[in-house]
Amino acid sequence: AQSVTQPDIHITVSEGASLELRCNYSYGATPYLFWYVQSPGQGLQLLLKYFSGDTLVQGIKGFEAEFKRSQSSFNLRKPSVHWSDAAEYFCAVGADYKLSFGAGTTVTVRA
Amino acid sequence: EPEVTQTPSHQVTQMGQEVILRCVPISNHLYFYWYRQILGQKVEFLVSFYNNEISEKSEIFDDQFSVERPDGSNFTLKIRSTKLEDSAMYFCASSEGAGHQHFGDGTRLSIL
């Protein structure tokens, strides 16, 4: 069975600083990997996804993520954070038509 | 961009009562899902549905839960006799295939 670990429960970053959110997955085959963002009281919005090919994927809102098979990781990055990026971020692995989510990382942006 | 829509946005129900959560998936999608998120916890898979039958369900999805696609557009989740621990945000999602699942904004279910 697949699983996802997000080691950081909460990250605080200054506006304009870079952000990296960690994600490690466990799955026996090549996974489908996703990052979703959730603002308070809102649904899940897809930031980016990896299915195959180029291991560096670009997403919306200036986010990117890199798939590293050797490390079973799919870390999310943004070079310069905006106040509107404050939200909860979920990494997910997809297999057999279901998604398994990590526990999420809450990002706080300070001025 | 097409959206998954869920109604109601908030449902308050007495313990022991039946509740039906409604979803309208994206029209050309073939796969439908329900997930739930208990406050402060991770999003958990409940059930997937394809070709008018359940394709996979989690341990959470016991006999109290059922899903139905009563017509060509709606996808519902029914909880027969609600318990306090059913209080959560319930998300519906749909997809064309094994790729990107599109999520609705969720229904917050509060059991009193």
Side-chain angles (χ1 to χ4, degrees), chain A residues 1-10 21-27 29-53 57-61 63 65 74 87-106, chain B residues 1-10 21 23-26 29-51 53-61 67 88-108 110:
Chain A
Q2 66 268 32
S3 66
V4 174
T5 301
Q6 293 180 246
D8 305 304
I9 297 172
H10 191 183
L21 304 182
R22 296 182 290 165
C23 171
N24 293 97
Y25 69 90
S26 172
Y27 183 58
T30 300
Y32 297 158
L33 294 162
F34 306 83
W35 274 99
Y36 285 87
V37 62
Q38 184 182 35
S39 297
Q42 300 296 309
L44 297 161
Q45 182 182 23
L46 181 72
L47 287 175
L48 47 77
K49 60 183 183 278
Y50 172 78
F51 289 169
S52 64
V57 293
Q58 302 296 320
I60 62 170
K61 304 185 181 187
F63 285 92
F74 188 57
E88 187 150 23
Y89 292 78
F90 292 95
C91 181
V93 59
D96 300 325
Y97 298 93
K98 77 176 188 186
L99 297 181
S100 295
F101 286 83
T105 298
T106 300
Chain B
E1 184 178 323
E3 291 182 340
V4 174
T5 56
Q6 291 185 243
T7 55
S9 56
H10 192 188
L21 308 182
C23 170
V24 179
I26 294 172
H29 285 184
L30 302 176
Y31 297 84
F32 314 109
Y33 314 84
W34 284 101
Y35 292 82
R36 80 170 185 191
Q37 184 182 29
I38 295 172
L39 187 64
Q41 298 186 23
K42 69 167 73 175
V43 178
E44 301 171 289
F45 169 79
L46 291 178
V47 65
S48 59
F49 190 87
Y50 170 73
N51 200 26
E53 60 183 30
I54 291 173
S55 44
E56 188 168 355
K57 60 183 181 180
S58 72
E59 295 170 352
I60 303 166
F61 195 89
V67 290
M89 181 76 91
Y90 288 80
F91 291 105
C92 174
S94 69
S95 67
E96 291 181 85
H100 167 200
Q101 293 182 20
H102 297 249
F103 283 80
D105 283 341
T107 293
R108 179 163 298 286
S110 299

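Chain letters run A, B, ... following the sequence lines, proteins first and then strands; every chain starts at 1.
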Measure the OH-CG distance between Tyr89(A) and Asp8(A) for me, rounded to the nearest 0.5 Å. 14.0 Å

Check each atom of Lys49(A) against the heavy atoms of chain B and say whether the ones under 4.5 Å are side chain, backbone, both or neither. side chain

Heavy atoms of other groups near Ile60(A) CD1, more than 12 under 6.0 Å: yes

Check each atom of Tyr50(B) against the heavy atoms of chain A and say whether the ones under 4.5 Å are side chain, backbone, both or neither. neither

Could you have a look at Gln37(B), His102(B), Gln6(B), Met89(B) and say which one has the most heavy-atom pairs with chain A under 4.5 angstrom? Gln37(B)

For atom CD of Gln58(A), decide whether the heavy atoms of other residues, nucleotides or ligands shown that lie under 6.0 angstrom number more than 12. yes

In terms of heavy-atom proximity below 4.5 Å to chain A, should Glu56(B) be classed as side chain, backbone, both, or neither? side chain

Can you tell which part of Ser48(B) gets under 4.5 Å to a heavy atom of chain A, answering side chain, backbone, both or neither? side chain

Are side-chain heavy atoms of Leu46(B) and Tyr35(B) found at a separation under 4.5 Å? no

Answer whether the closest heavy-atom distance between the side chains of Lys42(B) and Gln6(A) falls below 4.5 Å. no

Heavy-atom distances under 4.5 Å only: say whether Glu44(B) touches chain A with side chain, backbone, both or neither. neither

